[in-house]
Structures are given as structure tokens and as C-alpha cells.
Amino acid sequence: FSADHTASPDAAAGRGFIIVLTLFAALGGFLFGYDTGVVSGAMLQIKSPNGGLGRGSALSKGEQELIVSSTVAAAIVSALASGVLNARIGRRGVI
């Protein structure tokens, strides 16, 4: 480091990139937490004996795990597919 403490334009751009990257990572964390809350709220209704599935019996632990993990698996598949589809048909076509 030199005695001159002024930041170069490259360092300022790098700092800005880190700030934007951090904000997007935080937003992703908040959205993941929101999704977890939505799934938990839905599970309260689905797993009750008179719940949304209309089976008349409570869901087993394995069935509950399958429902919760399928939402995460669908998000993974959708994220992967969106990249390929964006490359092939464009952003507007995917939306």
C-alpha cells in the first residue's frame, strides 16, 4: 500500500460489485425464508386429518417430507431449465 489512501477507480468498481452481490445474496436468503414459511403454513392445512387432501387421515412423516422436498426440487429444476430456455428462446419467451 502507498501513503496515498485514495481509492483507484478499479477498487471503487470492485467495492460496488461486492455491495451489489451482497444485497442479492441477502435478498435470496429472505426469499428462501419466505418460501419456507409459506410451505410450513400450507403443511399445517395439508397434514391435518380434515385437511386439503380430503383423505380423512393424517399424512405420514414420509408423505410430509415428500411434499416439502418436492417444492425445493421443483425450484432447482425450474432454475436449471430457465437458463437453457433463456439461451434458446430468449427472456421474453420464457416469461
Side-chain angles (χ1 to χ4, degrees):
F1 294 127
S2 65
D4 184 17
H5 294 294
T6 59
S8 69
D10 290 337
R15 213 173 287 127
F17 176 73
I18 295 297
I19 291 171
V20 169
L21 188 66
T22 303
L23 291 174
F24 275 104
L27 178 64
F30 286 130
L31 290 176
F32 182 75
Y34 177 77
D35 176 58
T36 303
V38 168
V39 171
S40 296
M43 283 305 298
L44 292 174
Q45 296 298 317
I46 293 172
K47 72 180 183 178
S48 68
N50 299 323
L53 297 180
R55 297 180 347 159
S57 62
L59 293 175
S60 69
K61 294 288 184 189
E63 291 169 328
Q64 292 176 36
E65 291 170 1
L66 183 64
I67 290 172
V68 172
S69 63
S70 66
T71 60
V72 176
I76 292 170
V77 170
S78 299
L80 293 172
S82 68
V84 173
L85 290 174
N86 274 326
R88 289 193 180 173
I89 62 175
R91 179 183 53 86
R92 289 184 183 251
V94 172
I95 293 174

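If you read the sequence from its start, that first residue is 1, and numbering goes on from there.
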To the nearest 0.5 Å, what is the distance between [atom1] on [X] and [atom2] on [Y]?
X     : Y     : atom1 : atom2 : value
Met43 : Thr71 : CE    : OG1   : 9.5 Å
Glu63 : Glu65 : CD    : CD    : 10.5 Å
Phe24 : Leu31 : CZ    : CG    : 11.0 Å
Ile95 : Ile89 : CD1   : CD1   : 10.5 Å

field: Heavy-atom closest contact (Ser70 atom, Ile67 atom, distance)
entry: OG-O, 2.7 Å
message: Minimum heavy-atom separation for Asn86 and Arg91, please, with both atom names.
response: OD1-CA, 3.3 Å
- prompt: If Ile, Leu, Val, Met, Phe, Trp and Tyr residues are connected whenever their side-chain heavy atoms lie under 4.5 Å apart, and connections chain through other members, are Leu80 and Val72 in the same group?
  reply: yes
